[in-house]
Amino acid sequence: MSQLAKQFTDSSTELSAYESYHGLTAQAIQRSFLDHLEFTLAKDRFSMTELDQYLALAHAIRDRMIERWLRTQDAYYRADAKRVYYLSMEFLMGRTLGNAIINLNLRDECQKALAELGYALEAIQEIEPDAGLGNGGLGRLAACFLDSMATLALPGYGYGIRYEYGIFNQQIKNGEQIEQPDNWLRYGNPWEIVRPEVIYPVHYYGEVVEYPNGKGKIFHKWVKTEKILALAYDTPIPGYGVQNVNTLRLWSSKASREFDFHHFNEGDYISAVRMKTESETISKVLYPNDSRHSGKELRLKQEYFFVSATLQDIFRRYKKTRNTFDEFSDKVSIQLNDTHPAIAIAELMRIFVDIEELPWDKAWELTRATVAYTNHTVLPEALEKWTVELLGKVLPRHLEIIYEINHKFLREVRMKYPNNESLVERVSIIEEPVPGIRPKSVRMANLAIVGSHRVNGVAALHTEIIKRELFRDFATMFPGKFENKTNGITQRRWLASCNPDLASLITKAIGDKWMTDLYQLEKLLPLAEDAGFRQEWQKIKQAGKNLIINIIEKGWKGKIKIDQSSIFDCQVKRIHEYKRQLLNVLHAITLYNRIRHQPQLDVVPRTIIFSGKAAPGYRQAKLIIQLINAVADVINNDVSTRDRLRVIFLPNYRVSLAEKIMPGAELSEQISTAGMEASGTGNMKFALNGALTIGTLDGANIEIAEEVGSENIFIFGLTVEEIAALKPHYSSWDYFHNDPELNEVLNMIGGGYFSPLNKELFHPILFSLLEGGDQYMVLADYRSYIECQEQVSQAYLDQDQWTRKSILNAAKMGKFSSDRTIQEYAKSIWNVSPVTVNMATCEV
Ligand code: IMP
């Protein structure tokens with residue numbers, strides 16, 4: 001026993017060694033926490049810091065997962081289970097401690113253990129840095145999916161990159177976004193375990209040589225490559241209500257030994273060290289842009305880096321129990337999270353054909369049967385392309401294989417659709433060059449579609465749009481290949497962990513089955529009619545609002561006062577023109593003008609909260625952040641708005657901040673241009689926590705509206721069809737001229753009202769809305785949005801009715817659990833079954 005344990009606990013009770021590592025009681029956790037403080041961190045009462053407390057608790061919780069983790073891997077081997085590999089460039093995990101505590105069902109015991117020592121669990125959780133290895137929706141979806149796969153006892157693995165620097169930290173200085181590096185590993189990461197024995201070479205550059213195999217066939221060898229190593233780091237992913245603990249395996253790049261010998265022996269020690277460091281940059285940093293990395297050699301190298309290492313790991317695991325590849329697709333399913341890992345299709349072919357010497361046709365059949373692809377966006381600029389020149393330089397053999405795949409594919413197309421060269425041009429994996437306009441390129445989405453057995457969109461509307469427009473030719477060619485899988489979120493993090501008071505109210509009312517079956521929340525429906533329940537619900541929402549007020553008071557050092565009875569109106573997500581934070585700003589200014597012009601006007605008070613990062617190279621998005629802050633500055637400093645209107649931009653949006661915003665949010669802004677947001681998942685998180693949505697008929701909003709009913713959601717704006725009809729003759733100027741309120745708002749922005757020291761600062765915004773043609777139809781939806789917001793304000797006046805709607809919204813979120821989404825993938829794409837781990841019966 002540690003000295004600390006002797007000092008702080010009743011040392012007369014001896015714990016068995018087993019309990020020290022596995023015990024789930026407060027006493028066992030407390031002992032383990034104190035032992036880790038002393039033995040793992042080498043601290044005593046005098047030297048321990050808050051960081052030590054977090055690390056000690058993290059280790060104590062991790063200990064409690066390890067045996068389950070080992071047993072889970074063993075169970076998967078014994079069951080000879082089909083595995084699912086979720087390949088993603090991003091896993092936006094956020095913090096792990098709170099989630100692990102929820103999934104192991106240890107919250108009460110942990111709180112008790114710490115309280116006895118005089119510590120608060122909530123304060124300790126705040127020390128943990130976010131694992132911000134993602135940009136937004138796509139990365140967070142991957143994280144929710146891991147949680148659901150473990151909870152559903154599916155043999156699922158996440159594979160990605162262990163970026164040393166995740167998404168940048170955002171500071172706001174003089175209203176502008178400043179990016180700071182996110183050195184999240186600075187103080188170590190107690191959740192990961194390095195696996196020095198799991199290390200694979202990854203090759204780049206070089207050339208391809210052909211050689212006869214002696215049986216009349218030509219083989220290809222990729223030679224004279226540059227080699228770097230991929231080293232595995234594993235993070236346990238505990239399921240809830242089961243004993244399964246799955247694995248997230250992230251790769252870190254290392255220079256190879258040969259590199260050391262070769263370069264160091266040449267004598268120039270310093271430049272050898274520099275080159276070694278450069279070869280380790282592959283996993284250094286996450287690209288912060290969602291869509292604009294084409295042409296970046298390092299990005300291509302990152303993509304191949306994790307694909308190559310992952311496939312080597314998959315083949316190693318497969319080959320442990322099989323001598324032939326006949327069952328490969330019965331035992332392996334690979335899901336591509338967007339096209340970022342689509343090079344996996346060429347890499348699988350290379351391994352099968354060049355290394356395992358399978359015939360091409362057999363290799364192709366296995367590859368297609370193994371791989372499935374998720375599309376996440378309809379924005380054409382986000383469809384990945386690599387120039388033939390770059391791909392041929394970095395991955396010469398893969399380019400040859402892609403050409404061969406394309407050649408065979410186009411031959412089939414020509415046979416099936418003769419004399420249709422424009423179709424051939426459209427579906428070709430290779431995009432032909434147009435001199436002076438575009439170089440010859442590889443279309444990664446086309447490769448992903450041709451090389452997989454299933455392609456899915458992420459909400460019903462989005463899947464319709466990709467079938468009807470973006471991938472129309474392919475959908476006609478392969479009718480059964482396209483499916484919808486509406487996104488979801490894990491209720492363990494997005495309700496149980498982030499909103500414990502609401503979670504326990506719900507559990508008290510309907511039991512805790514909702515933790516693994518979110519449809520259970522429908523049992524709340526009758527309680528919406530119960531005045532006592534509504535009152536308790538309302539009290540918890542108010543407490544959530546007060547937490548947001550605390551964040552604001554702390555951030556602004558008490559200089560901004562927030563009316564706690566105002567509507568908390570939140571738009572938190574990446575800043576992007578299509579998400580239309582600008583429309584929200586126009587509304588804020590409209591409200592401001594109404595108050596200015598009629599100081600006695602009876603308005604429903606509002607606090608409009610924004611949060612989100614802009615890609616560092618996306619100038620217009622950064623200018624929108626500046627505009628929000630400039631408008632906030634004017635409004636918050638004008639006495640006429642006191643107690644009636646506040647605009648707040650919370651810096652550095654990330655998972656842990658989202659977890660604090662969701663419980664207190666009352667109005668969820670989901671106002672993208674119809675047809676542009678693939679799904680959205682923030683919309684689901686808000687509604688699950690009882691916010692009402694104001695939104696367009698876009699992405700999953702449509703399905704949310706179907707679930708909650710039109711009377712419990714605020715829908716406005718043009719539909720996809722209306723936009724398509726209006727676009728050809730749309731003139732945003734007409735709206736500018738014909739709507740006096742809008743006209744005034746735009747003139748203020750353009751005239752420097754919010755930027756008196758630089759009156760032209762926001763001209764580019766005005767330009768995009770007027771001369772630029774208003775691509776995102778902001779002005780077209782303005783009036784409808786303003787009127788809808790008036791309905792929101794009216795509805796808010798009847799607090800009782802609002803609370804009823806709030807309960808109904810949460811109650812109808814069953815469909816949006818990522819458990820439902822994963823069950824659908826498991827059944828209709830992966831064909832995998834659960835393997836339940838039972839610690840009581842499994843052999844040790
Ligand atoms: P992997 O799935 O091969 O990466 O192995 C992960 C873990 O599974 C290992 O660390 C072992 O704990 C366990 N494991 C590996 N091979 C076997 C096996 O053949 N039978 C049972 N368990 C295994």
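For ligands, and for the atoms within them, numbers begin at 1 and follow the listed sequence.
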Under 4.0 Å, heavy-atom basis, I'd like to know which part of Arg78 is in contact with ligand 1: side chain, backbone, both or neither. neither
The criterion is side-chain contact (heavy atoms from CB on, under 4.5 Å); which residues satisfy it with Asn189, sequence neighbours excluded? Trp184, Leu185, Trp191, Glu192
Is a salt bridge present between Asp313 and Arg317, judged by a nitrogen-to-oxygen distance below 4.0 Å? yes
Does any N or O atom in Arg317 lie less than 3.5 angstrom from one in ligand 1, N or O only? yes
Using only atom types and a distance under 3.5 Å, with no angle test, would you say the side chain of Glu90 pairs donor to acceptor with the backbone of Asn135? yes
Based purely on interatomic distance, does Arg83 place a nitrogen or oxygen under 3.5 Å from a nitrogen or oxygen of ligand 1? no
Carboxylate-amine/guanidinium contact Asp354 Lys221, below 4.0 Å: no
Closer than 4.0 Å: a protein non-hydrogen atom to atom 23 (C) of ligand 1: yes
Salt bridge or not for Glu824 and Arg820, using N-O below 4.0 Å? yes
Ignoring hydrogens, tell whether any protein atom lies closer than 4.0 Å to atom 10 (O) of ligand 1; use the non-hydrogen atoms only. no
To the nearest 0.1 Å, how far is atom 12 (O) of ligand 1 from its closest protein heavy atom, and which atom is that? Leu70 CD2, 4.2 Å
What protein heavy atom sits nearest atom 19 (O) of ligand 1, and how far away is it? Tyr77 CD2, 3.7 Å
